[in-house]
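The block underneath contains the structure these notes are about, expressed in structure tokens.
Only a predicted model underlies this, so the values are computations on that prediction, with no experimental measurement involved. By convention here, the first residue in the shown sequence is residue 1. Only this structure's heavy atoms are used, side chains among them; waters, hydrogens and symmetry mates stay out.
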Amino acid sequence: MPAPVLATKLYIPPPRPNIVPRPRLIERLNNGLAMGCRLTLISASAGFGKTTLVSNWISDCGRPVAWLSLDEGDNDPVRFITYLIAALQTIKAGLGEGVLSTLQSHQQPQVEMALTILLNEISSIPDSFLLILDDYHVIDSKPVDDTLAFLVEQPPPQMHLVIATREDPS
């Protein structure tokens, strides 16, 4: 039986009232989208407002958003991909179901093959969207870093990946 997905990891934090406006940073994020960049990295120490910034930005960006708040358990590549698919399913229901079945079988999953199938399915999403990976600094797993690298190197044209972290990913 597959492990259940904790839905709260997929919730987009609501914009907070009474925050310090950060128009310069919002403008830089919007410029990255407008220029067609496929990746935005937001890296700063704890308490600098990365999650708050992204939450405020996406509330006005006008694109669908898949959000994943990472934790230490996501260092397992199968769990990471499972949650990644769950986040993407908030944009397109049913996306990645076959990949999930493959990952949850008792056989050793072929991660690159699963990612190839997943990226092909993501390519069928008709509209541009954002995929937010929050708290990436908790990831210290080379297989998960390799999974992320595969996503970054083979991005579907309509996906813009945003990584919020306390330290730059390897």
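Using a cutoff of 4.0 Å between basic side-chain nitrogens and carboxylate oxygens, D71 and K9 are scored as salt-bridged.
Formation of a donor-acceptor pair under 3.5 Å by the S101 side chain with backbone atoms of E97 is found in this model. A donor-acceptor pair under 3.5 Å is formed between the side chain of T102 and the backbone N or O of G98. With hydrogens and angles ignored, the 3.5 Å screen pairs no side-chain donor or acceptor of K92 with any backbone N or O of P126. Counting only distance, with no hydrogens or angles, the side chain of Q89 and the backbone of L95 share a donor-acceptor pair below 3.5 Å. S123 contributes no side-chain N or O that, together with a main-chain N or O of P156, makes up a donor-acceptor pair within less than 3.5 Å. K50 contributes no side-chain N or O that, together with a main-chain N or O of R166, makes up a donor-acceptor pair within less than 3.5 Å. In this structure, the side chain of N75 engages the main chain of D140 through a donor-acceptor pair within 3.5 Å. No side-chain donor-acceptor contact under 3.5 Å links D135 to the backbone of E72.
When side chains are defined from C-beta on, I58 counts as touching W67, because their heavy atoms get closer than 4.5 Å. Y11 is not listed as a side-chain neighbour of S69, based on a closest heavy-atom distance of 4.5 Å or more. Considering only heavy atoms from C-beta on, I163 stays 4.5 Å or farther from T40 through its side chain. Two residues are said to be in side-chain contact when any heavy atoms from C-beta on lie closer than 4.5 Å; R38 and P157 meet this criterion. The closest side-chain heavy-atom distance from I122 to F129 is below 4.5 Å. Residues L53 and I26 form a side-chain contact, since some pair of their non-hydrogen atoms from C-beta on lies under 4.5 Å apart. Between L119 and L151 there is a side-chain heavy-atom pair separated by less than 4.5 Å. In this structure, the side chains of L131 and V162 stay at 4.5 Å or more apart for every pair of heavy atoms.
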**Message:** Run L10 and V5 through side chain to side chain contact (heavy atoms under 4.5 Å, CB included) and show every step you take.
**Reply:** CA-CA 9 Å; L10 310 177; V5 170; 4.2 Å; yes
**Item:** Derivation and outcome, side chain to side chain donor-acceptor pair (under 3.5 Å), residues S55 and W57
**Value:** CA-CA 5 Å; S55 174; W57 172 52; over 6 Å; no
**Asked** How far apart are the C-alpha atoms of S43 and D168, what are their side-chain angles, what is the distance that settles it, and do they pass the side chain to side chain donor-acceptor pair (under 3.5 Å) test?
**Response** CA-CA 6 Å; S43 182; D168 292 353; 2.8 Å; yes
**Request:** Go through the steps for Y83 and D76 under the test side chain to side chain donor-acceptor pair (under 3.5 Å), then give the verdict.
**Result:** CA-CA 11 Å; Y83 271 97; D76 171 57; over 6 Å; no
**Residues I132, L68; criterion side chain to side chain contact (heavy atoms under 4.5 Å, CB included); working and verdict** = CA-CA 6 Å; I132 314 293; L68 175 54; over 6 Å; no
**Asked** After noting the C-alpha distance and the side-chain angles of L148 and Y136, does the key distance pass the side chain to side chain contact (heavy atoms under 4.5 Å, CB included) rule?
**Response** CA-CA 10 Å; L148 180 64; Y136 195 82; 3.5 Å; yes
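L161 and L29 sit in two unconnected hydrophobic clusters of ILVMFWY residues. Membership requires side-chain heavy atoms under 4.5 Å apart, directly or through other members. Both L6 and L70 sit in one connected hydrophobic cluster of ILVMFWY residues. Membership requires side-chain heavy atoms under 4.5 Å apart, directly or through other members. When the side chains of ILVMFWY residues are joined at heavy-atom separations under 4.5 Å, either directly or via intervening members, M113 and V99 end up in a single hydrophobic cluster. If you chain together hydrophobic residues whose side chains sit under 4.5 Å apart, L39 and V65 never meet in one group. Linking Ile, Leu, Val, Met, Phe, Trp and Tyr whenever their side-chain heavy atoms come within less than 4.5 Å puts I81 and F150 in one cluster.
To the nearest 0.5 angstrom, M159 atom CE is 15.0 Å from D127 atom CG. Rounding to the nearest 0.5 angstrom, the gap separating the CZ atom in R28 from the CZ atom in R22 is 12.0 Å. The distance from the CD1 atom of I85 to the CG atom of L118 is 5.0 Å, given to the nearest 0.5 Å. Remark: L130 CG to L33 CG distance equals 5.5 Å, nearest 0.5 Å.
Under a cut-off of 6.0 angstrom, the local environment of CZ in R63 is crowded, with over 12 non-hydrogen atoms contributed by other residues, nucleotides or ligands. Under a cut-off of 6.0 angstrom, the local environment of CD in E112 is sparse, with at most 12 non-hydrogen atoms contributed by other residues, nucleotides or ligands.
Residue P143 comes nearest to S141 through the heavy atom pair CD-OG, 3.1 Å, listed as atom of the first residue, atom of the second, then distance. Here the shortest heavy-atom pairing between P13 and T51 reads CG-CG2, 3.7 Å.
The side chain to side chain contact (heavy atoms under 4.5 Å, CB included) test with V111 singles out one residue from D146, T147, V144, and that residue is T147. Results of the side chain to side chain contact (heavy atoms under 4.5 Å, CB included) test with L133 over T165, I139, L84, D74 single out L84 as the only residue that passes.
Side-chain N/O atoms of H160 and S128 include no donor and acceptor closer than 3.5 Å.
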